[in-house]
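Computed from a predicted structure; not experimentally measured. Basis for what follows: all heavy atoms, side chains included, without hydrogens, waters or symmetry-related copies. Just so you know, residue 1 is the first one in the sequence shown, and it goes up from there.
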Amino acid sequence: MSANAQPGVNHDIRDPALAEAGRRRVDWAHLSMPVLQAVRKQFIKSQPLVGRRVGACLHVTAETANLAITLRDGGAEVVLCAANADSTDDEVAAVLVKDYGIATHAVRGADRETQRRHWDAVLETAPQVTLDDGCDLIGRLHTARQDRLSGVLGGTAEGLRGAAAEAVQYPVIAVDGSVTKRMFDNQLGTGQSTIDAILRATNLLLAGLTVVVAGYGPGGRGIAARARGLGANVLVTEVDPLRALEAAMDGFRVMSMTLAAEQADLVVTATGNKAVLAREHFEKLKNNAILCNAGHSSVEIDTEALERMASARREVRRHVEEYALRDGRRVYVLAAGRLINLATGEGHPASVMDVSFATQALAVEYLVKHYATLERRVHAAPAEIDRQVAKMKLESMGVRIDRLSLEQEKYLSDWPQGY
């Protein structure tokens, strides 16, 4: 525990003296988060989370700080750890502990052992609700002592899928599936923040370059659109025929990674899977190709295989490593294959996270309110939360939309009787 933090607040942060700078960052993000501000005002009045302990494993950024403060002001005791050490803002961690009394366990650049210790520090408080980006807390809860699960009321999660979704032992809301989350966070946020991070790291001019985007989910779709908007020639690779067809109909050239690698000046992976770029692709790359990853996990680029192919390796500028291959080619990897938009950039803009975190906060309220009737399984984010968040966002933008007339409502409700 660092010294000089708020008394009685358990924490592991780099330096409480960073709190003043952290407050400025949190306040700046607050200005671009009107929807979360509105939710916070509701929570202050209604106190829906009184008596609840919320354990959160999220990117510790200025935007996340505003979410944690909102939950705290709704009556919750909040304990926070980092979902990704590369994204931790030490200044923000300091202000959360020192000024807001939120127990925070996060240090930028922490090794894996320290991260696990931080996860356990959250779980040892016996949270009744978890918020989880990447499902580290959920996974650890389910592999830990089973009596710990008795203290868990429910959770919200991103990245929970497959067998893991079938095995959960308490109600979980998958906020990653919400329409507003996919639209703003996954597509718009990932698209802009990834391109921004690449440019910060490399100072490249994208116009005229051939950019390969691996994966055409919401994130890949956003990256491809923004790269094209900056004048790049964009190729898309996919394994899903429906997404590949969508990319083709959006006007992108779609092909296998083996073919795309031969043409690539820059490759961006955005799949969430491992070895998307592997030895067979490295062998095809042209000289001076640049590789980076926009997926959650650092396994999409097989850097170990690339290192075995290299005769030398060096850092040529911050976050840019050069691999000198034995055949004379050079390949460059950004941020060691880690999540590019957080490793070399600032992550999603606050106005994007405004929508995602409003959804998260309302999902926590929903879990607490409806826990008695929720089955122990993964639930989609309630459609009414999506609509509420969308409405609040439009209002904050000064946008007015049409409403159905009584005659129109009757016509729709009577269908198909008039046919």
(request) Evaluate the criterion side chain to side chain contact (heavy atoms under 4.5 Å, CB included) for residue pair Leu80 and Leu96; output intermediate values, then yes/no. (result) CA-CA 9 Å; Leu80 176 65; Leu96 283 173; 3.6 Å; yes
(message) Using salt bridge (Lys or Arg N to Asp or Glu O under 4.0 Å), reason through Arg117 and Glu113 one step at a time and then give a plain yes or no.
(response) CA-CA 6 Å; Arg117 190 174 72 249; Glu113 182 181 347; 5.3 Å; no
(request) Go through Leu235 and Val254 one step at a time and tell me if the side chain to side chain contact (heavy atoms under 4.5 Å, CB included) criterion holds. (result) CA-CA 6 Å; Leu235 312 181; Val254 180; over 6 Å; no
(request) Show the numbers, then the answer: is there a side chain to side chain contact (heavy atoms under 4.5 Å, CB included) between Met257 and Val267? (result) CA-CA 10 Å; Met257 181 58 81; Val267 184; 4.1 Å; yes
(request) Start with the C-alpha distance between Thr194 and Asn341, add both sets of side-chain angles, then the distance that settles side chain to side chain donor-acceptor pair (under 3.5 Å), and finish with yes or no. (result) CA-CA 5 Å; Thr194 296; Asn341 66 343; 4.5 Å; no
(request) Apply side chain to side chain contact (heavy atoms under 4.5 Å, CB included) to Ile198 and Ile290, showing your working. (result) CA-CA 10 Å; Ile198 291 168; Ile290 299 171; over 6 Å; no
(request) Output, in order, the C-alpha distance, side-chain angles, deciding distance and verdict of salt bridge (Lys or Arg N to Asp or Glu O under 4.0 Å) for Arg313 and Glu307. (result) CA-CA 8 Å; Arg313 172 182 164 190; Glu307 189 165 0; 2.9 Å; yes
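Ionic pairing of Arg23 and Asp99 is present here: one or more N-O contacts between side-chain nitrogen and carboxylate oxygen are shorter than 4.0 angstrom. The pair Lys274-Glu300 fails the salt-bridge criterion, with no side-chain N (NZ, NE, NH1 or NH2) lying under 4.0 Å from an Asp/Glu carboxylate O. Look at Asp302 and Arg279 and you find no salt bridge, because none of the NZ, NE, NH1 or NH2 atoms lies under 4.0 Å from a carboxylate O. Electrostatic pairing of Glu365 and Lys369 does not count as a salt bridge here, judged by no charged N lying under 4.0 Å from a carboxylate O.
The nearest pair of heavy atoms linking Val213 to Gly220 is CG1-O, 3.7 Å. Nearest heavy-atom pair across His11 and Ile13 is CD2-CG1, 3.6 Å. Nearest heavy atoms, Thr190 versus His348: N-CE1, 3.2 Å. Here the closest non-hydrogen pair linking Arg317 and Thr202 is NH1-O, 3.8 Å. The minimum heavy-atom distance linking Gly55 with Pro127 is given by the pair N-CB, 3.5 Å. Between Ser178 and Ala381, the shortest heavy-atom contact is CB-CB, 3.8 Å.
Residues Val355 and Met353 fail the side-chain proximity criterion, which asks for heavy atoms closer than 4.5 Å. Looking at Asp12 and Val107, their side chains come closer than 4.5 Å, going by heavy atoms from C-beta outward. A heavy-atom distance below 4.5 Å is not found between the side chains of Leu291 and Tyr332. Two residues are said to be in side-chain contact when any heavy atoms from C-beta on lie closer than 4.5 Å; Val172 and Ile138 meet this criterion. Side-chain contact check for Leu209 versus Asn233: every heavy-atom pair is 4.5 Å or farther apart. The shortest distance between side-chain heavy atoms of Val268 and Val212 does not fall below 4.5 Å. By the 4.5 Å heavy-atom criterion applied to side chains, Arg24 and Glu91 are not counted as neighbours. Contact of the His59 side chain with the Thr88 side chain is not registered, since no non-hydrogen atoms from C-beta on lie closer than 4.5 Å.
Between the side chains of Thr114 and Asp111, at least one donor N or O lies within less than 3.5 Å of an accepting N or O. A donor-acceptor contact closer than 3.5 angstrom links the side chains of Thr61 and Thr64.
Atom CG of residue Leu58 and atom CG of residue Asp133 lie 6.0 Å apart, to the nearest 0.5 angstrom. Distance check, rounded to the nearest 0.5 Å: NE2 of His281 to CD of Glu283 gives 10.0 Å. Ile223 contributes atom CD1, which lies 8.0 Å from atom OG of Ser193 (distance to the nearest 0.5 angstrom). To the nearest 0.5 Å, atom OH of residue Tyr371 and atom OH of residue Tyr170 are 10.5 Å apart. Atom CG of residue Asp176 and atom OG1 of residue Thr359 lie 11.0 Å apart, to the nearest 0.5 angstrom. Rounding to the nearest 0.5 Å gives a distance of 5.5 Å between CG of Leu362 and CD1 of Ile385.
Results of the side chain to side chain contact (heavy atoms under 4.5 Å, CB included) test with Ile102 over Ile69, Val97, Val79 single out Ile69 as the only residue that passes. The only member of Val333, Leu285, Ile301, Asn293 that meets side chain to side chain contact (heavy atoms under 4.5 Å, CB included) when paired with Leu277 is Ile301.
Annotation: ring pair (Phe, Tyr, Trp, His ring centres under 6.0 Å) contacts involving residues 233-273, sequence neighbours excluded, comprise Tyr216-Phe252. The salt bridge (Lys or Arg N to Asp or Glu O under 4.0 Å) contacts involving residues 62-76 comprise Arg40-Asp73, where partners must be two or more places apart or lie in separate chains. Listed by first and then second residue, the salt bridge (Lys or Arg N to Asp or Glu O under 4.0 Å) pairs that reach into residues 246-270 are Arg221-Glu246, Glu262-Lys284, Asp265-Lys286, sequence neighbours excluded. Sorted by first and then second residue, the salt bridge (Lys or Arg N to Asp or Glu O under 4.0 Å) pairs involving residues 335-362 (not counting sequence neighbours) are Arg25-Glu346, Asp86-Arg338, Arg200-Glu346, Asp354-Lys393.
More than 12 non-hydrogen atoms from other residues, nucleotides or ligands lie less than 6.0 angstrom from CG of Leu31.
In this structure a side-chain-to-backbone donor-acceptor pair under 3.5 Å is missing from Asn66 to Ala29. In this structure a side-chain-to-backbone donor-acceptor pair under 3.5 Å is present from Thr344 to Ala197. Within the 3.5 Å criterion, the main-chain N or O of Gly219 finds no donor-acceptor partner in the side chain of Arg182. Looking only at distances, a side-chain donor or acceptor of Asp89 sits under 3.5 Å from a matching main-chain atom of Val92. Between the side chain of Thr269 and the main chain of Val276, no donor-acceptor pair closer than 3.5 Å is present. Of the possible polar contacts, none joining the Glu375 side chain to the Arg377 backbone as a donor-acceptor pair under 3.5 Å is found. Checking side-chain atoms of His370 against main-chain N and O of Leu367 turns up no donor-acceptor pair under 3.5 Å. In this structure, Arg53 contributes its side chain and Thr125 its backbone to a donor-acceptor pair below 3.5 Å. Side chain of Gln47 to backbone of Ile44: a donor-acceptor contact under 3.5 angstrom is found. A donor-acceptor contact shorter than 3.5 Å links the side chain of Asp132 to the backbone of Leu137.
Residues meeting the salt bridge (Lys or Arg N to Asp or Glu O under 4.0 Å) test with Asp90, sequence neighbours left out: Arg14. Remark: Glu280 pairs with no residue by the salt bridge (Lys or Arg N to Asp or Glu O under 4.0 Å) rule, at least two apart or across chains.
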